[in-house]
There are 2 protein chains.
Amino acid sequence: MPYGLGNGHAVTVRIQMSDDNPAAVHRIGNRKPAATIYDVAEVVGVSPSTVSRALNKPGRINAKTEERIRHAAEALGYRLNPMARALLTGKTAMVALLVSDITNPVFYDIVRGAENVATEAGYTLVFAESHQRSDIEFATVERLQPSVDGVLVVASLLDEDQIAQLSETKPIVIALRPVEGIPHVVPNSETGLVQAVDHLQELGHRSIGYLSGPTTFWANRHRWNILFEHAVAKGMSIVEIPPDDPVPNGGATRLRRILASGVTAVVVYNDLMAIGLISECKREGVDVPGRLSIVGFDDVYGANLISPSLTTIDSSLGKVGGAAMWCLLAEVDGTTGYEPPELPTRLIVRESTASAPS
Amino acid sequence: MPYGLGNGHAVTVRIQMSDDNPAAVHRIGNRKPAATIYDVAEVVGVSPSTVSRALNKPGRINAKTEERIRHAAEALGYRLNPMARALLTGKTAMVALLVSDITNPVFYDIVRGAENVATEAGYTLVFAESHQRSDIEFATVERLQPSVDGVLVVASLLDEDQIAQLSETKPIVIALRPVEGIPHVVPNSETGLVQAVDHLQELGHRSIGYLSGPTTFWANRHRWNILFEHAVAKGMSIVEIPPDDPVPNGGATRLRRILASGVTAVVVYNDLMAIGLISECKREGVDVPGRLSIVGFDDVYGANLISPSLTTIDSSLGKVGGAAMWCLLAEVDGTTGYEPPELPTRLIVRESTASAPS
DNA sequence: CCGGCACTGTCAACCGATTGCCTCGCTGCC
DNA sequence: GGCAGCGAGGCAATCGGTTGACAGTGCCGG
């Protein structure tokens with residue numbers, strides 16, 4: 001039906017609004033206002049405070065009265081108004097989750113893990129994206145803070161001072177990056193990277209490369225450092241190939257450099273770049289893993305779909321998200337002593353790694 | 001650290017609380033309470049209502065006073081408390097987005113499109129998952145409604161009565177499913193499916209299959225109907241292969257039936273199942289597209305990664321999410337006459353389709 | 001018979017912002 | 001000189017729920 005009928009409805013509404021109840025102005029589009037504890041109180045014949053207590057402090061009110069109140073509330077379809085409660089108590093039962101880039105599959109599992117935990121704990125999740133920009137990230141946290149009890153930021157781009165400043169207002173937890181003095185949840189990259197180096201060495205590789213991610217990312221520097229130290233300790237030669245954007249195309253553009261460097265295997269900052277690199281190899285006729293072995297990082301959705309499927313390091317992102325959310329909720333509740341679990345990473349060997357060419 | 005230390009802290013807190021400011025009880029963990037308009041008013045020496053007006057009704061207040069108020073607000077780090085405003089105005093500037101399954105990449109683009117629009121319009125996004133269960137979906141919408149101005153449900157599993165009931169409380173918009181009397185945004189599946197049938201016919205296929213999705217899904221029935229009518233009109237034979245779960249494994253388990261049916265090409269309910277089917281074909285040594293051509297639906301992330309890459313139907317999910325959010329915001333604002341754009345689907349030919357075996 | 005206590009329920013203040021209505025003072029015009 | 005008109009700002013009610021203080025009732029033991 002086109003809008004003729006819609007306008008008809010609008011007229012009807014206006015006629016309804018002409019009654020002498022000024023609250024009717026809120027009732028746009030024939031929607032009825034929600035029932036309040038005052039409505040319930042009136043029906044049952046008690047005071048609003050009694051209704052509040054009956055619903056929230058079991059036992060505080062006579063069992064029979066409580067039962068009558070519950071019935072009436074049910075009948076009226078009463079729902080507590082979280083805003084009203086929040087105004088007085090200062091607790092909104094909402095937490096914010098901020099990721100830098102929704103398009104990055106790395107975050108999917110984290111979001112899922114965090115959402116499950118938040119829901120389980122009775123918290124509502126507010127979701128926002130910072131579009132990889134630290135200024136937007138800061139402004140978004142500031143904007144969201146009054147509405148939520150705490151903020152979980154994944155892979156924050158803020159500097160430590162900014163994080164500390166935000167932390168003065170409401171609890172904040174950082175995932176995927178350690179920050180001094182701020183609760184954070186970070187998987188142990190070392191276990192998986194060590195396995196990767198060992199794996200490559202066993203396959204006969206002597207010279208490996210690291211295709212870098214953005215140099216401003218803590219995770220990138222961290223991975224390089226571990227890789228470097230361990231490769232050197234193992235007597236392998238290692239080079240860092242400077243980064244492009246941490247997306248598939250950013251992997252693809254670096255293929256020529258990688259080949260020119262003479263390495264036989266490359267560990268890539270993340271799976272997205274690794275996937276782009278594999279695609280480019282196929283396009284250019286470079287044999288993977290015959291000519292070049294490739295190891296990714298994160299084991300994102302899609303890593304096992306591509307051909308050859310990607311050998312990568314699983315960083316159990318779902319658990320990271322869940323643990324970070326538990327950590328945040330502990331902060332929010334003032335619970336002391338929540339210790340996030342150790343989250344080791346581990347190598348998942350698939351088809352993109354094989355013996356070094358002789 | 002166990003609870004001994006925790007109690008020690010509690011004592012400290014209690015000592016702090018012994019000052020004569022009762023508000024100190026709110027200041028848990030040395031976090032300072034947010035500044036209010038009362039604080040600003042006191043600093044400037046005006047009444048709170050003046051502060052409110054200065055900040056929200058430009059021109060209502062003397063320009064110099066307004067300037068002083070803005071300065072003081074800035075200096076105090078004042079942020080408006082959305083709860084307080086919401087309580088009075090009934091507008092929370094938040095909208096809920098409910099998807100049935102975060103793990104399904106179909107929803108990624110939709111979430112992204114919706115998030116961008118919501119942010120652009122100054123709305124905060126509340127995010128929840130219904131875990132593919134209609135009871136959870138209903139309860140979640142009910143739970144969220146008091147906190148938000150409207151709800152966007154993607155691929156709702158509710159029946160029309162339930163949706164209508166929820167719609168009585170707050171605006172609700174459904175994406176990916178048409179519901180009588182409720183605003184909805186659904187791409188036009190027909191354009192893409194017709195192209196797919198034509199494409200397969202041009203390749204010489206005469207007998208095609210449709211690997212079905214869950215029979216309760218509107219989209220599944222809809223796609224079958226279009227496919228059926230068009231294939232018949234084109235003089236092709238077509239069979240429906242009953243569904244398993246709409247996930248990769250649900251595609252894999254149906255390979256034997258598909259082969260047994262004698263079809264040379266199969267259109268699959270969604271990309272996830274198609275991806276599973278391709279994987280299974282590789283595992284079983286079935287040549288794709290030599291023996292069997294496969295067409296997916298949605299063009300999700302990953303469809304172009306798998307080998308052979310998947311011929312599929314792009315349903316521009318990002319635009320669906322964006323349009324649905326605009327639609328919802330129009331409802332929320334009471335703006336009449338928002339007309340969601342026509343969203344045609346279109347075939348994307350990749351490697352998984354080829355000439356029919358002779 | 002009375003003090004004390006447990007049990008139920010009410011009162012009223014409060015959270016922070018918004019807004020209709022009012023007041024005060026000044027200007028300008030008849 | 002008187003009064004309308006206007007600009008600037010204050011007062012107080014309001015949104016819905018929570019909570020400390022308190023009142024009324026009934027019951028108990030001493």
Side-chain angles (χ1 to χ4, degrees), chain A residues 21-27 32-69 72-73 76-93 145-147 149 169, chain B residues 17 21-27 33-69 72-73 76-93 145-147 149 169:
Chain A
N21 173 8
V25 74
H26 290 301
R27 201 195 307 155
K32 57 189 171 199
T36 72
I37 56 169
Y38 294 85
D39 302 326
V40 177
E42 195 176 341
V43 168
V44 181
V46 294
S47 85
S49 47
T50 304
V51 176
S52 174
R53 291 207 167 87
L55 266 24
N56 300 310
K57 323 262 170 172
R60 174 67 174 78
I61 293 292
N62 182 297
K64 274 193 60 180
T65 315
E66 183 179 325
E67 188 56 24
R68 278 165 53 219
I69 290 174
L76 289 171
Y78 166 76
R79 309 274 155 227
L80 177 136
N81 182 331
M83 309 296 151
R85 171 180 283 178
L87 187 55
L88 185 54
T89 64
K91 295 262 149 217
T92 64
Q145 267 183 337
S147 308
D149 294 338
T169 308
Chain B
M17 277 164 58
N21 175 8
V25 74
H26 290 303
R27 203 193 306 151
T36 72
I37 55 169
Y38 294 85
D39 302 326
V40 178
E42 195 176 340
V43 168
V44 181
V46 295
S47 83
S49 47
T50 305
V51 176
S52 174
R53 290 202 173 91
L55 266 23
N56 301 309
K57 324 261 169 167
R60 175 68 173 76
I61 293 294
N62 182 297
K64 275 193 58 179
T65 315
E66 182 178 325
E67 188 57 22
R68 278 166 51 220
I69 290 175
L76 290 172
Y78 167 76
R79 311 272 156 228
L80 177 136
N81 182 331
M83 308 297 150
R85 173 181 280 177
L87 186 55
L88 186 54
T89 64
K91 295 264 149 213
T92 64
Q145 268 183 336
S147 308
D149 294 339
T169 307

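Naming convention: chains lettered A, B, ... in sequence-line order (proteins, then strands); numbering from 1 in each chain. What you see is a predicted model; the values in this text were computed from it and never measured.
- A search for side chain to side chain contact (heavy atoms under 4.5 Å, CB included) contacts involving Leu87(B) returns Asn81(A), Ala84(A), Leu87(A), not counting sequence neighbours.
- Minimum interatomic distance between Pro146(B) and Arg79(A) (heavy atoms only, all atoms of both residues): CG-CB, 3.9 Å.
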Under the criterion side chain to side chain contact (heavy atoms under 4.5 Å, CB included), I'd like the reasoning laid out for Val51(A) against Val44(A): C-alpha separation, chi angles, the key distance, then a yes or no. CA-CA 9 Å; Val51(A) 176; Val44(A) 181; 5.8 Å; no
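- Residues Val43(B) and Asp39(B) form no side-chain contact, since every pair of their non-hydrogen atoms from C-beta on lies 4.5 Å or further apart.
- Among all heavy-atom pairs drawn from Ala35(B) and Tyr78(B), the shortest one is O-CD1, 3.3 Å.
- Atom CG of residue Leu76(A) and atom CD1 of residue Ile37(A) lie 12.5 Å apart, to the nearest 0.5 angstrom.
- Between the CZ atom of Arg79(B) and the P atom of dA17(C) there is a distance of 12 Å, rounded to whole Å.
- Here the closest heavy-atom approach between residue Gln145(A) and residue Thr169(A) is recorded as OE1-CB, 3.5 Å.
- Note: CG (Leu87(B)) to C1' (dT18(C)) measures 11 Å, nearest angstrom.
- If one axis is set at each end of the helix from dC1(C)-dG30(D) to dC30(C)-dG1(D) from five pairs, those axes are 60° apart, to 10°.
- In this structure, Ile69(A) atom CD1 and dT10(C) atom C1' are separated by 12 Å, rounded to whole Å.
- Extent of DNA chain D lying under 4.0 Å from chain A heavy atoms, first and last nucleotide in 5' to 3' order, is dG16(D) to dA21(D).
- For the atom pair CE of Met83(B) and CG of Leu88(A), the computed distance is 13.5 Å after rounding to the nearest 0.5 Å.
- In this structure, Ile69(B) and Val40(B) have side chains that are in contact, with non-hydrogen atoms separated by less than 4.5 Å.
- Taking atom CG of residue Asn81(A) and atom P of nucleotide dA17(C), one finds them 17 Å apart after rounding to whole Å.
- Using a 4.0 Å cut-off on heavy atoms, the residues of residues 51-65 of chain A that approach DNA chain C are Arg53(A), Arg60(A), Ile61(A), Asn62(A), Thr65(A), listed by number.
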Show me, pair by pair, the donor-acceptor contacts under 3.5 angstrom made by side chains of residues 53-62 of chain B, not counting sequence neighbours?
residue: Asn56(B); atom: OD1; partner: Arg85(B); partner atom: NH2; Å: 3.2
residue: Asn56(B); atom: ND2; partner: Ser52(B); partner atom: O; Å: 2.9
residue: Asn62(B); atom: OD1; partner: Lys64(B); partner atom: N; Å: 2.7

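- Computed from coordinates, the Leu88(A) CG to dG16(C) P distance equals 9 Å when rounded to whole Å.
- Heavy-atom distances under 4.0 Å link DNA chain D to Thr36(A), Ile37(A), Tyr38(A), Ser49(A) of residues 35-49 of chain A, given in residue order.
- Judged by distance alone, with hydrogens and angles left aside, the side-chain atoms of Thr92(B) form a donor-acceptor pair with the main-chain N or O of Ser147(B) at under 3.5 Å.
- The 5' end of DNA chain D is approached more closely, in terms of each residue's nearest nucleotide, by Thr50(B) than by the other of Thr50(B) and Ala34(A).
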